[in-house]
Amino acid sequence: MATATDGVFEVDGQTDFESTGDPIHRTRKTAMWVFLGSEVFFFGAMIATFLLYRHTTNGGPGAEIFNIPFTSATSFVLLMSSLTMVLADNAFQKSDQRQGRIWLVGTALLGLAFLAGQIFEFTEFVNEGLKISTSPFGSSFYMLTGFHGMHVAGGVLMIALLVAFSLRRRLSPDQGMNVELVALYWHFVDIVWIVIFTVVYLLQI
Amino acid sequence: MASEAHAHPTPKTYWLIAAALAVATAIEIAIPYIEVLDPVRAPLLIAFGAAKFVTVVAVFMHLRYDLKGYRYVFSIAVVVAILMFIVMLAVFRAL
């Protein structure tokens with residue numbers, strides 16, 4: 001049986017957080033979780049590949065070229081973008097469109113700052129002789145971090161679309177689910193970076 | 001059936017969690033530079049990374065407050081991926 005209390009929808013005694021109770025919403029949210037589950041395999045395979053090749057540098061640069069203080073700063077930026085995203089989601093739940101937009105724009109800017117940091121880092125590494133074709137280490141490193149960067153770029157694009165939708169026709173409560181789905185994706189991108197930062201950077205120095 | 005409803009986290013909770021994550025990240029970054037921690041460096045870094053991962057998933061992604069089905073879907077994926085990860089590294093003798 002389904003009941004709704006204080007914005008929390010319950011299905012057979014379980015909480016369906018943020019849902020309006022529409023089965024389509026639950027289906028979309030389930031689909032998003034299944035998609036994120038498949039992404040766990042995608043990144044898990046790439047991280048394992050990096051670990052397999054981490055010492056195969058073919059005489060080229062290896063993990064010693066990592067600039068940990070710089071990457072720590074960009075990691076912190078991405079971590080804080082999860083805070084702004086959850087605050088945006090919270091604001092849209094309360095139908096506070098203006099506040100929601102502000103936090104969404106903040107999230108997109110933090111995402112762009114992370115991407116700018118990654119481009120700077122890649123440029124530095126290429127200047128130091130680490131290209132994608134230099135060694136299996138370089139290939140697996142650029143593939144992993146590059147694909148993650150593409151996911152961040154995709155997230156920034158989705159957030160920009162949410163801001164545009166909100167400005168043009170305001171995201172209505174029944175469309176608020178879109179904000180939550182994008183938020184789930186964005187937080188996932190953040191947790192993947194938590195793993196990459198620990199395994200690829202901190203454990204290799 | 002008993003209700004499993006949890007209270008909505010408030011913005012204050014989100015700020016506190018973010019502060020805790022920031023502190024955990026600062027400690028994590030410091031660990032490789034503290035020589036006395038060298039023997040336990042890898043387990044410590046993995047523990048901090050795992051704690052941050054679980055915190056973001058549980059609170060920011062609302063998995064702690066949501067339908068159990070979502071929890072199962074994601075948890076099964078993470079567990080199977082970790083097993084795949086270990087098997088792959090073991091097969092190639094990289095563990």
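Naming convention: chains lettered A, B, ... in sequence-line order (proteins, then strands); numbering from 1 in each chain. All values reported here derive from a predicted model rather than from experimental measurement.
- A:Phe188 has its side chain out of reach of B:Val57: every pair of non-hydrogen atoms, C-beta onward, lies at least 4.5 Å apart.
- For the atom pair NE2 of B:His62 and CG of A:Asn90, the computed distance is 7.5 Å after rounding to the nearest 0.5 Å.
- In this structure, the separation between CD1 on A:Ile191 and OG1 on B:Thr55 is 11.0 Å, given to the nearest 0.5 Å.
- More than 12 heavy atoms of other residues, nucleotides or ligands shown are found within 6.0 angstrom of CZ on A:Phe122.
- For the residue pair B:Ile29 and A:Ser72, the shortest heavy atom distance occurs at CD1-CB, 3.2 Å.
- Other residues, nucleotides and ligands place more than 12 heavy atoms under 6.0 Å from the CD atom of A:Glu64.
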Legend entry - Derivation of the side chain to side chain contact (heavy atoms under 4.5 Å, CB included) call for B:Met88 and A:Leu51: CA-CA 10 Å; B:Met88 191 170 162; A:Leu51 288 179; over 6 Å; no

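- A 4.5 Å side-chain heavy-atom check between A:Phe41 and B:Val80 finds at least one atom pair inside the cut-off.
- Residues A:Leu203 and B:Arg41 form no side-chain contact, since every pair of their non-hydrogen atoms from C-beta on lies 4.5 Å or further apart.
- In this structure, CZ on A:Phe76 lies 9.5 Å from CG on B:Leu21, to the nearest 0.5 angstrom.
- For a residue to count as touching a neighbouring chain, one of its non-hydrogen atoms must lie under 4.5 Å from one of that chain's; by this rule A:Val195 touches chain B with the side chain only.
- Closest non-hydrogen pair, B:Gly49 versus A:Thr198, comes out as CA-OG1, 4.0 Å.
- Residues A:Trp33 and B:Met61 have side chains in contact (heavy-atom distance under 4.5 Å, counting atoms from C-beta outward).
- The two residues A:Val86 and B:Phe60 make their nearest non-hydrogen contact at CG2-O, 3.7 Å.
- Within a 6.0 Å sphere centred on OH of A:Tyr53, heavy atoms belonging to other residues, nucleotides or ligands number 12 at most.
- Distance check: B:Thr25 OG1 to A:Met80 CE gives 6.5 Å after rounding to the nearest 0.5 Å.
- Proximity to chain A is limited to the side chain of B:Met84, based on heavy atoms less than 4.5 angstrom apart.
- Looking at A:Thr49, both its backbone and its side chain come within 4.5 Å of chain B, counting heavy atoms on both sides.
- Residues B:Tyr33 and A:Pro69 come closest through the heavy atom pair OH-CD, 4.2 Å.
- Distance check, rounded to the nearest 0.5 Å: CG of A:Leu83 to OH of B:Tyr14 gives 10.0 Å.
- Rounded to the nearest 0.5 angstrom, A:Glu180 CD and B:Asp66 CG are separated by 6.5 Å.
- Heavy-atom contacts from other residues, nucleotides or ligands closer than 6.0 Å to CZ of A:Phe42 number more than 12.
- Nearest heavy atoms, A:Ala48 versus B:Phe85: N-CE1, 3.4 Å.
- Looking at A:Trp193, neither its backbone nor its side chain comes within 4.5 Å of chain B, counting heavy atoms on both sides.
- Contacts of B:Val78 with chain A are made by both backbone and side-chain atoms, with heavy-atom separations under 4.5 Å.
- Both the backbone and the side chain of A:Ala45 come within less than 4.5 Å of a heavy atom of chain B.
- Heavy atoms only, all atoms of each residue included: A:Leu202 and B:Pro32 are closest at CD2-CG, 4.1 Å.
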